[in-house]
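Read the structure below first, then the notes.
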Amino acid sequence: MKQRSTLATVLLYLISAIVVILSLYPFVYAISTSLKTGNALFTADLFPSNADLRNYRALFEGVQPFGKSLVNSIAVSFLTVAFAMLMGITAAYALGRIRFKGKGLLLVSLLGVSMFPQVAVLSGMFELIQSLGLYNKVLGLVVPYTIFTLPFTVWILTTFMRELPGELEEAAIMDGCGPLRIIFQVFMPLLWPALVSTGLLAFIGAWNEFMFALTFVVSDTERTVPVAISLIAGATAFEIPWGTIMAGSVIVTVPLLLLVFFFQKRIVSGLTAGAVKG
């Protein structure tokens, strides 16, 4: 029995090690390639002997304003998270705490909307962006990003909202609190794990989105980083600047890693324990 338990433990650690290696290798390879120049790009060395930051300098010294694209992505992602969280938590309160007819159908409809592929609504979204006067404006991307992020946000927050003790809400109502005070002063502190988890997923979705950013923005100064990386060009039409492309990929990946490491405890508690315990 003890031998079987030891074998199971070794197998678990082995599988875990394989998963970690497969997950980290692409990022390590990207870092390695971003530090290579010239013929060194075609070598199989994972750790370059002559590391060079030339590719990173080229990103910010080139014709395409990569720094501006980075700022655009940061602004769009944070605004998307802010709008999605603000509307999501109020909608989740209504769906999770208030009884009304058709609530189940509405929740299923929200989940169904989140399953629509982007390409299926691309033409309609294009008409919406044009009618709002937001075409070729980076802040206009907040509209489609929020629309696609909101259903998932509402669904997750509604699940957490249902778990909150009803006694808290009743006590707040007895003290004269309205719905907004109940949401933001009573429930908000208890929902932080859920808000961090859903907010991070919304941020990653907005940060990595490509199709809408490519379609709705055409000016170099208004582009986000995924599109900016795809448009990095070499010195000639026959050259693919792998080193510069990998440098850009490393730069846009680091903020996501930092966010995950910084909020990892809240993310785990939000995805496993729920909003409250007991």
Side-chain angles (χ1 to χ4, degrees), residues 20-81 118 122 129 134-142 144-145 200-263:
V20 170
I21 292 172
L22 292 177
S23 301
L24 291 180
Y25 180 78
F27 186 62
V28 174
Y29 177 79
I31 296 175
S32 173
T33 306
S34 69
L35 298 175
K36 296 178 181 179
T37 57
N39 293 329
L41 288 168
F42 304 100
T43 61
D45 299 335
L46 188 60
F47 302 100
S49 55
N50 297 318
D52 196 339
L53 296 177
R54 192 181 308 171
N55 293 318
Y56 291 91
R57 291 194 297 268
L59 280 174
F60 298 94
E61 295 174 354
V63 178
Q64 297 175 348
F66 189 82
K68 185 66 168 60
S69 299
L70 195 61
V71 173
N72 291 340
S73 284
I74 293 173
V76 169
S77 299
F78 274 109
L79 285 174
T80 300
V81 172
Q118 290 180 333
L122 186 61
I129 294 296
L134 296 175
Y135 180 71
N136 199 29
K137 294 181 180 178
V138 65
L139 294 182
L141 295 175
V142 176
Y145 291 0
L200 182 60
L201 292 174
F203 184 91
I204 292 174
W207 184 265
N208 292 330
E209 202 284 326
F210 180 80
M211 181 178 293
F212 289 149
L214 179 65
T215 306
F216 301 151
V217 176
V218 294
S219 299
D220 289 338
T221 55
E222 299 291 318
R223 296 190 188 279
T224 54
V225 283
V227 180
I229 291 176
S230 71
L231 296 177
I232 294 176
T236 66
F238 304 99
E239 178 187 357
I240 300 178
W242 292 115
T244 310
I245 292 173
M246 290 299 178
S249 301
V250 171
I251 289 176
V252 301
T253 304
V254 168
L256 301 181
L257 294 177
L258 293 178
L259 284 174
V260 171
F261 283 134
F262 185 75
F263 292 111

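Note that these values count all heavy atoms, side chains included, but never hydrogens, waters or copies made by symmetry.
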Within a reach of under 6.0 Å around OH of Y29, are more than 12 heavy atoms found that belong to other residues, nucleotides or ligands? no

Could you check whether atom NZ of K137 has more than 12 heavy atoms from other residues, nucleotides or ligands sitting under 6.0 Å from it? no

Strictly distance-based, threshold 3.5 Å: is any side-chain N or O of [X] a donor or acceptor partner for the main-chain N or O of [Y]?
X: R223; Y: V217; value: yes
X: E209; Y: A213; value: yes
X: W207; Y: P255; value: no
X: N55; Y: M246; value: no

With rounding to the nearest 0.5 angstrom, report the [atom1] to [atom2] distance, [X] to [Y].
X: Q118; Y: F210; atom1: CD; atom2: CZ; value: 11.0 Å
X: L139; Y: L134; atom1: CG; atom2: CG; value: 8.5 Å
X: F27; Y: S32; atom1: CZ; atom2: OG; value: 12.0 Å

[X] and [Y]: which non-hydrogen atoms are nearest, and at how many Å?
X: G140; Y: I129; value: O-CD1, 3.5 Å
X: L141; Y: T224; value: CD1-CG2, 3.8 Å
X: P26; Y: S23; value: CD-O, 3.5 Å
X: I229; Y: S249; value: CD1-N, 3.9 Å

Does any part of the side chain of [Y], heavy atoms only, come nearer than 4.5 Å to the side chain of [X], both counted from C-beta?
X: N208; Y: L256; result: yes
X: V76; Y: V138; result: yes
X: S73; Y: P226; result: yes
X: T244; Y: L59; result: yes
X: S69; Y: V225; result: yes
X: Y145; Y: L79; result: no

Compute the centroid of each ring, for F203 and then for F78, and state whether the two points are separated by less than 6.0 Å. yes

Looking at V71, I251, L231, D220, which one forms a side-chain contact (heavy atoms from CB on, under 4.5 Å) with F66? I251

Side chains of N136 and S219, donor plus acceptor under 3.5 Å: yes

